[in-house]
K.L.:
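One structure, as structure tokens, below. Some questions next.
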Amino acid sequence: MVSKDDLVKVRDCVYEIPTDTRKDMRVPARVYLDDESIQNISDGTLEQVANVAALEGIQKRSIGLPDIHFGYGFPIGGVAAFGENGGVISPGGVGFDINCGVRLLKTNLTKDDIKPYMKDLVDELFKKVPSGLGSNGIKHLKEKEIDDVLKNGARWAVENGYGWEEDLEFMEENGCMDTADPDKVSTKAKRRGIPQLGSLGSGNHFLEIQTIGEIYDEDVAKQYGVQKDQVVVLIHTGSRGCGYQICADSLREMDKTAKRLKMDIPDRQLACAPIDSDEAQNYLKAMAAGANYAWTNRQMIQHWVRESFENVIGEDAESLGMNLLYDVAHNIIKKEKHKIGKNNKTVYVHRKGATRAFGPGREEIPEEYRSVGQPVIIPGTMGTASYLLSGTETAMNETFGSTAHGAGRILSRSGAKREFTPDEVSQKLASEGILLKANSKPVIAEEAPKAYKNIDDVIDVLDKTGLSNPVAQMKPLGVIKG
DNA sequence: ATGTGC
């Protein structure tokens, strides 16, 4: 067992559970947290970061970011990298919503420009973008087409009329992992994916019209093309039932593998397989297909956002400057090169509720942004701010180029429903001038801003520790919830 | 997060 007593302070906001705390740990476990959060973190969550540190082939350290909380096996807000020789792959290190992520769409409107249109825009977006639990998309995919989506990702969407060629430049992996293999995706996952493509989903997924508030780094903001009072749109969604099913399928498979190979795993939910095994390879190919589904999903939704603005404002999306700033993945495994000790090593970085945050110079970053580092987009909760940051050298050195992904839940969904009523949450937002349209009343209570940690504190830790460089704040004007 | 929960 590990507990808060085992934590050793490394520096301000950085704490470690040393390797010798538990004899199965192979590397230290490290969490980035402010003083208050370190008091409030549950032993169960700390135990999870330590459990990950016990997995075979883990490199350097198991990492918990400032939004860390208890998850399935791996904590949410966690990062772990495994060496290509001797490491493992674990579906629980990605989570059920494969490539859940966010993208930020720019406009050249100001908050004053958009004011008279806000009500109509929110209504139009709510009408045009399907949302809610079990929601289906508008496009009726043919049975065979799902394979094209799983193989080609956002490119499929662009080729089928959803968006612009240049959009592809501003997504991780250009919106497509070419390692995807639709043959490794079960019929059941495909059957769930077919009707849902192009839908927002439920839970913490949302679509938000925002305005840029404070700018923290003028130079980087300029490079990303944002300025104070500018209107932007944030799209937060993932791979829906398709990704869920891919994860569930492979967890079952790997549970068997781990048993067969008699792997020593501290928690059954950490089911994993050696990287060179068929099970791991099959999962990686299916996971990539699920990731491609999610990029396609966000690309289609973005297209309807542009159409909504066109319909309501009466200008085309090009002249409204509705260019994609960037799209980031929050739940994914990436094969990357990182400096470990003196050497460059190829590792499989598991990010679960974590954002890649590559520092300046990395060739994975679009050329336009490369000199200042990767754009990092961190959504808050409905009714609180979201943030745009940039990747740093510190993140490269300490967290395999990773940072936080959100506010991090502190109250469970059921806890939130006990604590708040949907009406009081809606009224609070209305009193702040934020328009909200939601499919489900209970979800409004589950997603109450107070059910989450204060996003400002999360950003503050990233700033203090140097894991990311704050660039701009985004404030909500209108929210569409599932 | 998710057609459902153990």
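Note that the structure is predicted; figures quoted are calculated from it, not measured. In what follows, chains carry the letters A, B, and so on, assigned in the order in which the sequence lines appear, proteins first and then strands, with residues in each chain numbered from 1.
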K.L.:
Could you tell me how far apart A/His205 (NE2) and B/dT2 (C1') are, to the nearest whole angstrom?
P.N.:
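Nearest whole value for this atom pair: 10 Å.
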K.L.:
Check the distance between B/dG5's C1' and A/Tyr72's OH and give it to me in whole angstrom.
P.N.:
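Rounded to whole Å, this separation is 14 Å.
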K.L.:
Could you tell me whether the side chain of A/Arg413 and the main chain of A/Ala445 form a donor-acceptor pair under 3.5 Å?
P.N.:
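Not at all, since once roles are kept as given, no pair shorter than 3.5 Å links the two residues.
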K.L.:
Expressed in angstrom and rounded to an integer, what is the separation of A/Phe96 atom CZ from B/dT2 atom C1'?
P.N.:
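Nearest whole value for this atom pair: 9 Å.
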K.L.:
Measure from CZ on A/Arg413 to P on B/dT2 and round the result to the nearest Å.
P.N.:
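Nearest whole value for this atom pair: 9 Å.
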K.L.:
Rounding to an integer number of Å, can you tell me how far A/Leu133 CG sits from B/dT4 C1'?
P.N.:
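Taking atom C1' of B/dT4 as the reference, CG of A/Leu133 is at 10 Å.
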K.L.:
Checking all strands, does A/Glu447 fall into the base, sugar-phosphate, or nothing category for heavy-atom contacts under 4.0 angstrom?
P.N.:
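It contacts sugar-phosphate atoms only.
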K.L.:
Among side-chain atoms of A/Glu447 and A/Tyr452, is any donor-acceptor pair under 3.5 angstrom?
P.N.:
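Yes, A/Tyr452 and A/Glu447 have a side-chain donor paired with an acceptor closer than 3.5 Å.
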K.L.:
For the pair made of NZ in A/Lys188 and P in B/dT2, what is the distance, rounded to whole Å?
P.N.:
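Value for this atom pair: 16 Å.
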K.L.:
So what does A/Ser202 touch, heavy atoms closer than 4.0 Å: a base, only the sugar-phosphate, or nothing?
P.N.:
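Sugar-phosphate only.
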K.L.:
To the nearest Å, how far apart are A/Ile98 CD1 and B/dT2 C1'?
P.N.:
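In whole Å, B/dT2 C1' and A/Ile98 CD1 are 12 Å from each other.
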K.L.:
Assess, by modelled atom type and distance only, whether the side chains of A/Thr296 and A/Arg155 contain a donor and an acceptor separated by less than 3.5 Å.
P.N.:
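Not at all, the side chains of A/Thr296 and A/Arg155 share no donor-acceptor pair under 3.5 Å.
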K.L.:
For A/Gly238, which contact category applies under a 4.0 Å heavy-atom criterion: base, sugar-phosphate, or nothing?
P.N.:
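Counting heavy atoms under 4.0 Å across all strands, no contact is made by A/Gly238.
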K.L.:
Verify the ring-centre separation between A/Tyr15 and A/Tyr32: is it less than 6.0 angstrom?
P.N.:
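Between A/Tyr15 and A/Tyr32, which both carry aromatic rings, the centre distance is not below 6.0 Å.
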K.L.:
Report the distance from atom CG of A/Asn99 to atom C1' of B/dT2, rounded to the nearest whole Å.
P.N.:
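In whole Å, B/dT2 C1' and A/Asn99 CG are 16 Å from each other.
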